[in-house]
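Since the structure comes first, as structure tokens, the remarks are kept for the end.
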Amino acid sequence: MKIVLIGAGNLATHLGKALHAAGHDMVQVFSRTMQSAETLASLLDAEPLTDISQVRDDADVYIFSVKDSALELLISRLCGEEKMLSGEERLCEEEKKVFLHTAGSMPMSVFRGKALHYGVLYPMQTFSKQREVDFSIIPCFIEANDEFAQKQIEGLAVQISHRVYQLSSEDRRYLHLSAVFACNFANHCYAVSQELLQQHGIPFDVMLPLIDETAAKVHGMTPKDAQTGPAVRYDENVIGKQIQLLENQPYFQKIYDSMSKSIHELN
């Protein structure tokens, strides 16, 4: 398939590379900056561009992989209200084109009234450009507005991942929320740990065996069963002393207190 990629960030980079490796023709990469567009386009043998009006009209699939706040505007600029007002042909109304986005928290309906065939391909993973990932093990959640879009999106997904699931926009919101807790919040706790250690000259890598074992345990145990520490039994003596150690860092105090109460209530 000929694919246009709207976006050149972390997710777009890994998805674009996976699709390219699967044999698809990545014809264009759009980004706000030419440097970002050129960097990814060079990896995909694609044309870089920063003017969305220059997106070609002969691709099979158009993938929007941008931040949520820019998604609706870019959809409208490519095939929505702005083209209607200017009297231009609406690229998104052609029968054999599919438009999809990759966001966890945005509904499929952002395309409604602007495209005939559309949907979502959401790879649930944390992506950084400098780290390679095995895309084949990443769970991909898909949704489509009709049979044609379903066939095209599912066809792409199964070529790059062995774990493809149907999921509605409503349920995907809760999936994304859960991922924030499991990934973003957990990583922030690592950052807090690193900050506290640095203040006392202790290297962060002493935490790595603990982090690795904590993650490994939930492959064979439920997170609830794997939970340890003073908050499980709500040891007020230990908790009180540790909260006191954070007296000069009120945000960390709030995190510690709220997290301890939540752990105790959940267990």
Side-chain angles (χ1 to χ4, degrees), residues 1 3-22 24 26 29-31 36 40 44 59-76 78-80 92 97-112 114-129 131-187:
M1 290 185 184
I3 299 175
V4 171
L5 193 54
I6 311 297
N10 293 330
L11 195 162
T13 296
H14 287 282
L15 178 59
K17 288 164 65 176
L19 291 169
H20 183 58
H24 294 286
M26 309 301 292
V29 174
F30 165 87
S31 181
S36 294
L40 181 53
L44 306 180
D60 303 298
V61 180
Y62 296 79
I63 301 175
F64 292 79
S65 187
V66 297
K67 60 184 180 180
D68 290 0
S69 59
L71 179 59
E72 293 187 77
L73 174 61
L74 286 171
I75 291 172
S76 293
L78 185 64
C79 59
C92 302
K97 292 178 169 58
V98 174
F99 297 80
L100 62 93
H101 72 67
T102 62
S105 57
M106 294 295 286
M108 179 177 66
S109 60
V110 292
F111 291 108
R112 187 175 297 147
K114 299 170 186 174
L116 290 180
H117 311 294
Y118 54 86
V120 177
L121 194 168
Y122 170 52
M124 193 186 68
Q125 181 56 283
T126 175
F127 295 103
S128 296
K129 291 180 182 179
R131 284 188 60 83
E132 292 299 320
V133 297
D134 180 357
F135 218 99
S136 68
I137 64 172
I138 296 174
C140 289
F141 298 86
I142 64 173
E143 184 180 16
N145 77 310
D146 61 22
E147 290 185 9
F148 180 76
Q150 173 70 27
K151 181 178 179 181
Q152 300 294 83
I153 296 170
E154 186 172 9
L156 289 177
V158 297
Q159 287 179 339
I160 60 176
S161 173
H162 301 318
R163 304 183 65 185
V164 178
Y165 305 90
Q166 301 284 339
L167 197 68
S168 68
S169 290
E170 178 65 16
D171 287 337
R172 185 165 22 87
R173 292 195 309 156
Y174 288 95
L175 176 71
H176 189 241
L177 172 62
S178 299
V180 167
F181 274 94
C183 175
N184 306 134
F185 288 176
N187 190 72

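Keep in mind it's a predicted model, so treat the numbers as computed, not measured.
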Original post:
Got I63 and L121 here, is their nearest side-chain heavy-atom distance under 4.5 Å?
Top reply: no
Subject >> Test log, rule side chain to side chain contact (heavy atoms under 4.5 Å, CB included), inputs Q166 and I142 >> reply: CA-CA 5 Å; Q166 301 284 339; I142 64 173; 3.5 Å; yes
Original post:
Which residues satisfy the ring pair (Phe, Tyr, Trp, His ring centres under 6.0 Å) test with H14, sequence neighbours excluded?
Top reply: F127
**OP:** State, to 0.1 Å, how close A103 and R172 come at their nearest heavy-atom pair, and which atoms those are.
**Re:** O-NH1, 3.1 Å
Original post:
Hey, does the side chain of D60 reach the backbone of I3 with a donor-acceptor pair shorter than 3.5 angstrom?
Top reply: no
Original post:
Nearest 0.5 Å, what's the OG-CG distance between S161 and L156?
Top reply: 12.0 Å
Original post:
Are any side-chain N or O atoms of E143 and backbone N or O atoms of V120, one a donor and one an acceptor, separated by less than 3.5 Å?
Top reply: no
Subject >> Interatomic spacing from OG1 in T126 to CG in N187 - rounded to 0.5 Å >> reply: 7.0 Å
Subject >> Point-to-point distance, once rounded to the nearest 0.5 Å, from NE2 of H117 to CG of N145 >> reply: 7.5 Å
Would you mind writing out the side-chain donor-acceptor pairs for residues 68-75 within the sub-3.5 Å range, not counting sequence neighbours?
from: D68; atom 1: OD2; to: S105; atom 2: OG; distance (Å): 2.6

Subject >> Side-chain donor/acceptor of R173 to backbone N/O of S168, under 3.5 Å >> reply: no
Subject >> Shortest non-hydrogen contact from A59 toward V4 >> reply: CB-CG2, 3.7 Å
Original post:
V29 and A8: which non-hydrogen atoms are nearest, and at how many Å?
Top reply: CG1-CB, 4.1 Å
Subject >> Nearest heavy-atom neighbours spanning A149 and V98 >> reply: CA-CG2, 4.1 Å
**OP:** Kindly compute the distance separating CG (L5) from CZ (F64), expressed to the nearest 0.5 Å.
**Re:** 10.5 Å
Subject >> Gap separating the OG1 atom of T102 from the CD1 atom of I6, nearest 0.5 angstrom >> reply: 11.5 Å
**OP:** Evaluate side chain to side chain contact (heavy atoms under 4.5 Å, CB included) for K17 paired with L44, printing each intermediate quantity in order.
**Re:** CA-CA 7 Å; K17 288 164 65 176; L44 306 180; 4.1 Å; yes
Original post:
What are the two closest heavy atoms between T13 and L40, and how far apart are they?
Top reply: CA-CD1, 3.7 Å
**OP:** Run the ring-centre check on Y118 versus F99 and record whether the distance is less than 6.0 Å.
**Re:** no
**OP:** Please report the shortest heavy-atom distance between S65 and L11, naming the atom on each side.
**Re:** OG-CD2, 3.5 Å
Original post:
If you draw a 6.0 Å radius around CD in E170, do more than 12 non-hydrogen atoms from other residues or ligands fall strictly inside?
Top reply: yes
**OP:** Return the set of residues passing ring pair (Phe, Tyr, Trp, His ring centres under 6.0 Å) with Y165 (not counting sequence neighbours), or none when no residue passes.
**Re:** F141
**OP:** On the 0 to 90° scale, with breaks at 30° and 60°, tag the H101-F111 ring pair as parallel, tilted or perpendicular.
**Re:** parallel
Original post:
If you measure from CG on L175 to OH on Y122, what distance do you get to the nearest 0.5 Å?
Top reply: 5.5 Å
